[in-house]
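FYI, side chains are in, hydrogens and waters are out, and symmetry mates aren't considered; it's all heavy atoms of this structure. These figures come from a predicted structure and were not determined experimentally.
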Amino acid sequence: MVAQVSRRVLATAEPLYRAVIHRKNWRFDAGSQTATRVAAPVISVGNLTVGGTGKTPLVCWLAEWFRSRGAAVTLISRGYGAKHGQPNDEALELAARLPEVPHLQNPNRVAAAEAALQANPRQVLILDDAFQHRRMARDLDIVLLDALAPFGYGHLLPRGLLREPVEGLARAQVVALSRADAIEPAARDAIRRQVAGLASRAIWLELVHRPVGLVNSIGTRQPLASLAGNRIAAFCGIGNPAGFRHTLSQCGLEVAGFREFADHFAYTEGDLAQLARWSASLVPIAALICTRKDLVKIPRESLGGIPLWAIDIDLAIESGQEQLEPLLAAIRSRVASGN
């Protein structure tokens with residue numbers, strides 16, 4: 001009965017959310033509101049749905065692509081979940097991965113861009129999680145779809161996971177299927193065909209997130225093989241726990257227990273004590289495993305005497321890189337020429 005009432009409430013709220021999003025997009029589509037263009041190339045990496053789609057590894061890949069070719073980069077994000085001006089978990093993770101790349105967090109991303117360009121007028125700006133942020137013009141819109149739930153179960157928030165109707169994909173120049181290896185080739189092809197019907201001119205990418213090792217809170221690294229044949233326990237506080245489960249399965253680890261927390265979860269001392277007690281109840285286990293997004297908020301090498309590690313992830317573009325790189329090269333040329 002409770003479930004039926006909940007579904008009815010969510011179904012009632014969905015049209016209200018749709019109306020709000022339609023009005024917002026209509027203002028830009030009709031030209032009554034225009035996006036602000038800043039004096040530098042801008043790339044947006046975003047989602048069609050809420051929850052994790054693996055944006056951070058792609059943002060890192062893009063930043064490293066430009067930096068390896070001599071172009072400076074600044075990352076800009078809204079700073080969702082940040083408290084009292086402190087960096088949020090995504091900013092902490094990006095700082096750990098890209099310590100030399102500036103990252104500005106500001107709900108006013110235009111203001112953040114202007115501040116970045118005052119520091120260095122010749123660079124590439126990468127907007128993290130900005131597909132729905134239409135106030136700022138961009139030169140390249142990249143949208144990630146998670147292979148495990150690409151279209152948000154067919155419904156807008158709050159009934160489903162869609163931030164906007166799937167027709168919004170028509171604005172994208174690049175659509176990337178994240179965790180493409182989590183589904184069969186026939187399923188990937190079905191998603192690709194559906195995307196082609198919505199964004200016929202968009203480049204199609206297939207991304208794979210490969211676990212490459214373990215890292216702890218002080219930066220010590222060890223190979224995944226060090227846990228071979230041992231039981232572990234795992235936990236995460238991210239938008240897409242299924243994606244983390246998929247990563248664990250890729251590692252071939254025997255998972256004795258798994259706990260999920262809310263996205264952007266802020267771990268307290270009490271939460272860590274509970275995790276320590278929970279992991280102790282599962283002994284013998286060789287380690288506690290989390291994501292890097294979780295680890296940056298837990299400055300501990302162990303919990304309850306059990307080593308705490310995050311899985312280090314590298315991104316590989318399995319399909320479409322040869323179409324993507326000319327677009328990136330054109331943006332790099334603009335920075336080099338100062339145009």
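- There is a path of hydrophobic side-chain contacts, each under 4.5 Å, that joins W61 to L327.
- With hydrophobic clusters built from ILVMFWY side chains whose heavy atoms lie under 4.5 angstrom apart, V101 does not share a cluster with L104.
- A distance of 14.0 Å separates CD of E90 from CZ of R292, quoted to the nearest 0.5 Å.
- Rounding to the nearest 0.5 Å places CD of E93 at 6.5 Å from OG1 of T291.
- No continuous path of hydrophobic side-chain contacts links L125 to I331 [ILVMFWY only; heavy atoms under 4.5 Å].
- Between F235 and Y267, the ring planes are perpendicular. Angles over 60° get that label, and only those under 30° would be called parallel.
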Item to complete: Check the pair V215, R221 against side chain to side chain contact (heavy atoms under 4.5 Å, CB included), reporting the backbone distance first and the verdict last.
Response: CA-CA 4 Å; V215 62; R221 297 177 184 276; 4.0 Å; yes
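- Cation-pi geometry between R245 and F258 is met: the NZ or CZ atom falls under 6.0 Å from the ring centre, inside 45° of the normal.
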Discussion item. Before you tell me yes or no, could you show the steps for T49 and D146 under side chain to side chain contact (heavy atoms under 4.5 Å, CB included), namely the whole-Å CA-CA distance, both residues' side-chain angles and the distance that decides it to 0.1 Å?
Written reply: CA-CA 9 Å; T49 59; D146 193 308; 5.7 Å; no
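- Under the 3.5 Å distance criterion, the side-chain polar atoms of E206 are left unmatched by any main-chain donor or acceptor of G320.
- Here the closest heavy-atom approach between residue A234 and residue L248 is recorded as CB-CD1, 3.6 Å.
- Between the side chain of S200 and the backbone N or O of G197, no donor-acceptor pair lies under 3.5 Å.
- Under the 3.5 Å distance criterion, with hydrogens and angles disregarded, no donor-acceptor pair is assigned to the side chains of R300 and N216.
- Across all their heavy atoms, I306 and S279 have their closest contact at CD1-OG, 3.6 Å.
- In this model, no donor atom of one side chain and acceptor atom of the other lie less than 3.5 Å apart for S217 and E301.
- Q33 places no side-chain N or O within donor-acceptor distance of the main-chain N or O of R135, the cut-off being under 3.5 Å.
- Comment: E164 does not engage K24 in a salt bridge, judged by the lack of any side-chain N to carboxylate O separation of less than 4.0 angstrom.
- Looking at D271, its side chain does come within 3.5 Å of a backbone N or O of T268 through a donor-acceptor pair.
- Under the 3.5 Å distance criterion, with hydrogens and angles disregarded, no donor-acceptor pair is assigned to the side chains of N230 and E254.
- Side chains of E64 and S68: a donor-acceptor N/O pair is absent below 3.5 angstrom, by distance only.
- Judged by the 6.0 Å and 45° rule, R163 forms no cation-pi pair with F131.
- If you check the side chains of Q321 and E325, you find a donor sitting under 3.5 Å from an acceptor.
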Item to complete: Report the C-alpha separation of R78 and R109 in whole Å, then their side-chain angles, then the decisive distance to 0.1 Å, and conclude whether the side chain to side chain contact (heavy atoms under 4.5 Å, CB included) test is met.
Response: CA-CA 7 Å; R78 177 181 179 273; R109 279 174 270 209; 3.8 Å; yes
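- Around the CZ atom of F28, the shell of radius 6.0 Å holds more than 12 heavy atoms that belong to other residues, nucleotides or ligands.
- Salt bridge status for R210 with D312: absent, with no side-chain N to carboxylate O gap under 4.0 Å.
- V59 and L127 are assigned to two separate hydrophobic clusters, defined by single-linkage of ILVMFWY side chains at heavy-atom distances under 4.5 Å.
- At distances below 3.5 Å, not a single donor-acceptor pair connects side-chain atoms of R159 with backbone N or O atoms of G154.
- The residues R188 and E184 are annotated as not salt-bridged, no charged nitrogen and carboxylate oxygen being separated by less than 4.0 angstrom.
- Taking every heavy atom of both residues into account, K293 and D89 meet most closely at CE-OD2, 3.3 Å.
- Using a 3.5 Å distance cut-off with no hydrogens or angles, the side chains of Q323 and W204 do not pair a donor with an acceptor.
- The CG atom of D128 sits 9.0 Å away from the SG atom of C60 when rounded to the nearest 0.5 Å.
- Taking CG from N25 and CZ from R27, the interatomic distance works out to 9.0 Å, rounded to the nearest 0.5 Å.
- Between the R67 side chain and the V73 main chain, no donor and acceptor come within less than 3.5 Å of each other.
- Side-chain atoms of H209 and T247 form no donor-acceptor pair, as typed in the model, at a separation below 3.5 Å.
- Of the N and O atoms on the side chains of D141 and S44, at least one donor lies less than 3.5 Å from an acceptor on the other residue.
- When hydrophobic clusters are built by joining Ile, Leu, Val, Met, Phe, Trp and Tyr residues whose side-chain heavy atoms come closer than 4.5 Å, directly or via intermediates, F151 is not grouped with V174.
- Inspection of the D129 and N47 side chains reveals no N or O donor paired with an N or O acceptor under 3.5 Å.
- Side chain of K297 to backbone of F265: a donor-acceptor contact under 3.5 angstrom is found.
- Across Q105 and P87, no two heavy atoms sit closer than the pair OE1-CA, 3.3 Å.
- When all heavy atoms of A202 and A172 are compared, the pair lying nearest together is CB-O, 3.7 Å.
- Going from atom CG of L62 over to atom NZ of K55 covers 13.0 Å, rounded to the nearest 0.5 Å.
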Practice prompt. Let me see the working for T74 and H103 under side chain to side chain donor-acceptor pair (under 3.5 Å), right down to the final yes or no.
Written response: CA-CA 6 Å; T74 291; H103 181 187; over 6 Å; no
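- In this structure, L328 and I43 approach most closely via the heavy-atom pair CD2-CD1, 4.2 Å.
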Fill in: Steps toward side chain to side chain contact (heavy atoms under 4.5 Å, CB included) verdict (S319, L205)
CA-CA 5 Å; S319 176; L205 304 182; over 6 Å; no
Item to complete: Run the numbers on D139 and Q173 for side chain to side chain donor-acceptor pair (under 3.5 Å), then give the verdict.
Response: CA-CA 9 Å; D139 300 271; Q173 288 86 47; over 6 Å; no
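- Note that the CG atom of D294 and the CG atom of L92 stand 12.0 Å from one another [nearest 0.5 Å].
- Judged by distance alone, with hydrogens and angles left aside, the side-chain atoms of R122 form no donor-acceptor pair with the main-chain N or O of A71 at under 3.5 Å.
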